[in-house]
Amino acid sequence: MDVNMNPTTPPSSSSPLASSSPTSSSSWFSGFVRGGRKSNSQTMANKSAIAGGGGGNGGADTLGPINRKNQFRGVMFKYGPKSAQVAFKTGDYKQQVVFIGGLTDGFLATKYLEPLAIALDKEKWSLVQCLLSSSYSGYGISSLKEDALELDQLINHLINKEDSEGVVLLGHSTGCQDIVHYMRTNAACTRAVRAAILQAPVSDREFRATLPETAGMIDLASKLISEGRGSELMPREANPDSPITAYRFHSLCAYMGDDDMFSSDLSDDQLKQRIGHMSNTPCQVIFSMGDEYVPDYVDKKALVQRLCKALGGAEKVEIEYGNHSLSNRVDEAVQAIMQFVKSGGPNGWDDPWT
C-alpha cells in the first residue's frame with residue numbers, strides 16, 4: 001500500500017539530525033504540585049479543552065495525555081536496573097506504541113509526539129517514550145546489540161507489569177536500525193511486537209561520507225578494531241558531539257557496518273540480507289522526501305521503493321517536503337501513523353500470545 005502525503009506548500013526550514021527537544025515540565029511532578037492546590041471547575045475545563053479529549057484510565061483521567069503545549073501527563077517508570085533505563089507512558093491502556101529515537105534523542109524527541117499521544121489516547125493506545133543507555137550522548141559508547149537487549153527488557157516490563165497485549169514499535173532515524181536489529185534477535189519479547197513503523201530510515205554512512213574527516217577516521221577505526229581495540233575512543237574530531245568508540249564509528253560510517261541498513265548503494269540482495277527478516281512483521285516506512293540527511297544524489301523515490309520491497313512489501317508513505325524529523329509536517333506524520341496503527345481492525349492487532 002502506498003500513501004503520498006503531498007501538501008501544496010514547501011517547507012520554510014529543516015530540522016537538524018538531532019531533533020531539538022523542547023523544554024518540558026515533567027508531568028508527574030507538575031501533577032504532584034497541582035495535587036496540593038485548590039482548582040476550580042473552569043480551570044479543569046480549560047485544561048480538558050487543551051488536552052483535547054478523554055483520559056486513559058477507565059474515564060478517571062479526564063484531562064487526556066497533554067496538559068498544555070510541551071507538557072505530557074502520564075507515568076514515569078523504571079524498566080531495568082541501569083540509571084538510564086527509564087520510560088514515560090501516556091495513557092493507561094493494554095496496547096502501546098513504543099517510540100525509539102535516533103542519535104542524541106531522548107524524551108520529546110520529535111514534534112509529532114504530542115499530537116500523536118492525543119490521537120493514540122482517543123483510540124485507547126498508550127504512547128511509551130523510552131530512554132536507552134544510548135540516548136542523548138550515550139550512543140557513541142553503545143551499540144545496536146545493547147539497544148536490542150534493553151528494548152527486550154522494556155517490552156518484558158510492559159507485558160509483566162503493565163499487562164500489555166502487544167506493542168507497535170515506532171523508530172525515528174537511527175531508532176529504525178534498533179528495530180530492525182531487535183527483530184533479528186528473535187528474543188523472547190519480539191513475539192509481542194505486532195508491527196513496526198520506520199520513520200526516516202536513512203543511511204548514517206551516506207550522510208557521514210559527505211563530511212571531509214570521515215574517510216580518514218574510518219581507516220583509523222578499522223585499524224583499532226583489527227588490533228582488538230574496538231572499545232577505545234576515537235579522537236574528538238571523529239565525532240565532536242559525543243565520545244565514540246572505534247567500533248560504533250565503524251558501525252555507523254563504514255560500508256556494511258552493523259548500522260549500514262538503508263544505504264542507496266546496497267544491492268537488492270544486500271538490502272534483503274540486512275532487513276529482509278522484517279517481512280514477518282507488518283511494517284510501514286515513512287520517508288521524508290525533503291530529508292536533509294539524504295545526500296542530493298540519492299533518488300529518494302527509488303530508495304524508499306527498494307526498502308519497502310526488501311522489507312517484504314512494507315506500506316510506503318512519502319511525505320513531500322518533509323524534513324528529517326517531520327517537524328514541518330506534523331499533521332501528515334500523525335495521520336500516517338494512526339492510519340497504520342488502526343489498520344489492525346476494530347479489535348486491534350491479533351493477540352501475539354495466540
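Residues take their numbers from the sequence shown, with the count starting at 1.
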> Taking all non-hydrogen atoms of both residues, which atom of Cys130 and which atom of Ile100 are closest, and how far apart?
Replying inline: SG-CG1, 4.4 Å
> To the nearest 0.5 Å, what is the distance between CG (Leu266) and CD (Gln273)?
Replying inline: 9.5 Å
> Is a side-chain N or O of Ser222 found less than 3.5 angstrom from the main chain of Ile218, in a donor-acceptor match?
Replying inline: yes
>> Counting C-beta onward and ignoring hydrogens, is there a side-chain heavy-atom pair between Tyr293 and Asp204 closer than 4.5 Å?
In response: no
> Between Lys301 and Glu318, does at least one N-O distance fall below 4.0 Å, as a salt bridge requires?
Replying inline: yes
> Does a donor on one side chain sit under 3.5 Å from an acceptor on the other, for Gln96 and Ser164?
Replying inline: yes
>> With side chain to side chain donor-acceptor pair (under 3.5 Å) as the criterion, how do Asn239 and Tyr139 come out once you've worked through the C-alpha distance, each side chain's angles and the decisive distance to 0.1 Å?
In response: CA-CA 11 Å; Asn239 196 63; Tyr139 68 90; 2.8 Å; yes
> Nearest 0.5 Å, what's the NZ-CG distance between Lys300 and Asp291?
Replying inline: 7.0 Å
>> Before you tell me yes or no, could you show the steps for Asp147 and Gln177 under side chain to side chain donor-acceptor pair (under 3.5 Å), namely the whole-Å CA-CA distance, both residues' side-chain angles and the distance that decides it to 0.1 Å?
In response: CA-CA 10 Å; Asp147 287 350; Gln177 281 112 275; over 6 Å; no
>> Using 0.5 Å steps for rounding, measure from the CD atom of Gln270 to the CG atom of Asp265.
In response: 8.0 Å
>> To check you understand the geometry: which heavy-atom pair defines the closest contact between Gly166 and Arg194, and what is its length?
In response: CA-NE, 3.6 Å
> Is the count of non-hydrogen atoms from other residues, nucleotides or ligands lying under 6.0 Å from Leu220 atom CG greater than 12?
Replying inline: yes
> In terms of hydrophobic clusters joined by side-chain contacts under 4.5 Å, are Leu103 and Leu233 together?
Replying inline: no
>> Contact between Gln284 and Gln339 at the side-chain level, heavy atoms closer than 4.5 Å - yes or no?
In response: no
> Under 4.5 Å between side-chain heavy atoms, hopping through other hydrophobics if needed: is there a path connecting Met234 to Ile225?
Replying inline: no
> Is there a side chain to side chain donor-acceptor pair (under 3.5 Å) between Thr174 and Asp178 once you walk through the steps?
Replying inline: CA-CA 7 Å; Thr174 310; Asp178 280 333; over 6 Å; no
>> Quick check: do Cys308 and Glu315 have side-chain heavy atoms less than 4.5 Å from each other?
In response: no
>> Go through it in stages, so that I can follow the logic: the residues are Tyr182 and Leu144, the test is side chain to side chain contact (heavy atoms under 4.5 Å, CB included), and I'd like the CA-CA distance, side-chain angles, deciding distance and then a yes or no.
In response: CA-CA 8 Å; Tyr182 174 60; Leu144 295 179; over 6 Å; no
>> Are the side chains of Ser173 and His324 in contact, using a 4.5 Å heavy-atom criterion?
In response: yes
> Does the side chain to side chain contact (heavy atoms under 4.5 Å, CB included) test come out yes or no for Ile141 and Ile244, once each step is laid out?
Replying inline: CA-CA 5 Å; Ile141 54 175; Ile244 192 166; over 6 Å; no
>> Any side-chain to backbone donor/acceptor pair from Thr185 onto Ala187? Under 3.5 Å, distance only.
In response: yes
> With no hydrogens and no angle check, do the side chains of Ser263 and Asp260 hold a donor and an acceptor under 3.5 Å apart?
Replying inline: yes
>> Same cluster or not: Phe262 versus Val304, using hydrophobic residues (I, L, V, M, F, W, Y) connected whenever any side-chain heavy atoms lie under 4.5 Å apart?
In response: yes
> With hydrophobic residues grouped by side-chain heavy-atom distances under 4.5 Å, do Leu326 and Ile118 end up in a single group?
Replying inline: yes
>> Which heavy atom of Ala221 sits nearest to which heavy atom of Phe249, and what is that distance?
In response: CB-CD2, 4.1 Å
>> Is there a side chain to side chain contact (heavy atoms under 4.5 Å, CB included) between Ile319 and Val317? Walk through the geometry before answering.
In response: CA-CA 6 Å; Ile319 299 189; Val317 179; 4.0 Å; yes
>> For Ser133 and Glu150, which I'm curious about, is there any donor-acceptor pair between the side chains at under 3.5 Å?
In response: yes
>> Could you check whether any side-chain N or O of Ser279 sits under 3.5 Å from a backbone N or O of Gly312, counting only pairs where one atom can act as donor and the other as acceptor?
In response: no
>> Any donor-acceptor pair under 3.5 Å linking the side-chain atoms of Asn156 with those of Asn160?
In response: yes
> Is any NZ, NE, NH1 or NH2 atom of the basic residue among Asp121 and Lys124 found under 4.0 Å from an Asp or Glu carboxylate oxygen of the other?
Replying inline: no
> At their closest point, which heavy atom of Ile179 faces which heavy atom of Leu170, and how far apart are they?
Replying inline: CD1-C, 3.9 Å
> Less than 4.5 Å apart, any side-chain heavy atom of Leu131 and any of Tyr79?
Replying inline: no
> Got Leu108 and Lys111 here, is their nearest side-chain heavy-atom distance under 4.5 Å?
Replying inline: no
> Measuring from Arg205:CZ to His250:NE2, what's the distance to the nearest 0.5 Å?
Replying inline: 11.0 Å
>> Do Leu311 and Val285 make a side-chain contact, defined as non-hydrogen atoms from C-beta onward lying under 4.5 Å apart?
In response: yes
>> Side chains of Tyr321 and Asn328: any donor to acceptor distance under 3.5 Å?
In response: no
>> Looking at every non-hydrogen atom in both residues, tell me the closest pair between Lys223 and Glu227 and how far apart they are.
In response: NZ-OE2, 2.7 Å
> Would one find more than 12 heavy atoms of other residues, nucleotides or ligands at under 6.0 Å from atom NZ of Lys78?
Replying inline: yes
> When you look at Met278 and Arg184, which way does the side chain to side chain contact (heavy atoms under 4.5 Å, CB included) test go after all the steps?
Replying inline: CA-CA 8 Å; Met278 295 295 293; Arg184 182 182 287 279; over 6 Å; no
>> Under a 4.0 Å threshold between the charged nitrogen and the carboxylate oxygen, would Arg329 count as salt-bridged to Glu320?
In response: no
> Between NE2 of His181 and CG of Leu149, what distance do you get to the nearest 0.5 Å?
Replying inline: 8.0 Å
>> Among Leu151, Ile275, Asn280, Thr281, exactly one meets side-chain contact (heavy atoms from CB on, under 4.5 Å) together with Met183. Which residue is that?
In response: Thr281
> What's the spacing between Phe207 CZ and Leu252 CG if we round to 0.5 Å?
Replying inline: 12.0 Å
>> Assess the residue pair Tyr247 and Asp258 against the criterion (side chain to side chain donor-acceptor pair (under 3.5 Å)); give the C-alpha distance rounded to whole Å, side-chain angles, the decisive distance to 0.1 Å, and a yes or no.
In response: CA-CA 9 Å; Tyr247 163 75; Asp258 289 345; 2.5 Å; yes
> Taking all non-hydrogen atoms of both residues, which atom of Ser231 and which atom of Thr245 are closest, and how far apart?
Replying inline: O-CG2, 3.5 Å
> Do Lys316 and Phe287 come close enough that some side-chain heavy atom pair is under 4.5 Å?
Replying inline: no
> Side-chain donor-acceptor pair under 3.5 Å between Gln199 and Tyr112, yes or no?
Replying inline: yes
>> Checking salt bridge (Lys or Arg N to Asp or Glu O under 4.0 Å) between Asp259 and each of Arg248, Arg274, Arg208, which is the one that passes?
In response: Arg248
>> Has Arg73 got a side-chain atom pairing as donor or acceptor with Thr90's backbone, closer than 3.5 angstrom?
In response: no
> Going by distance alone, is a donor N or O of one side chain under 3.5 Å from an acceptor N or O of the other, for Tyr93 and Asp163?
Replying inline: no
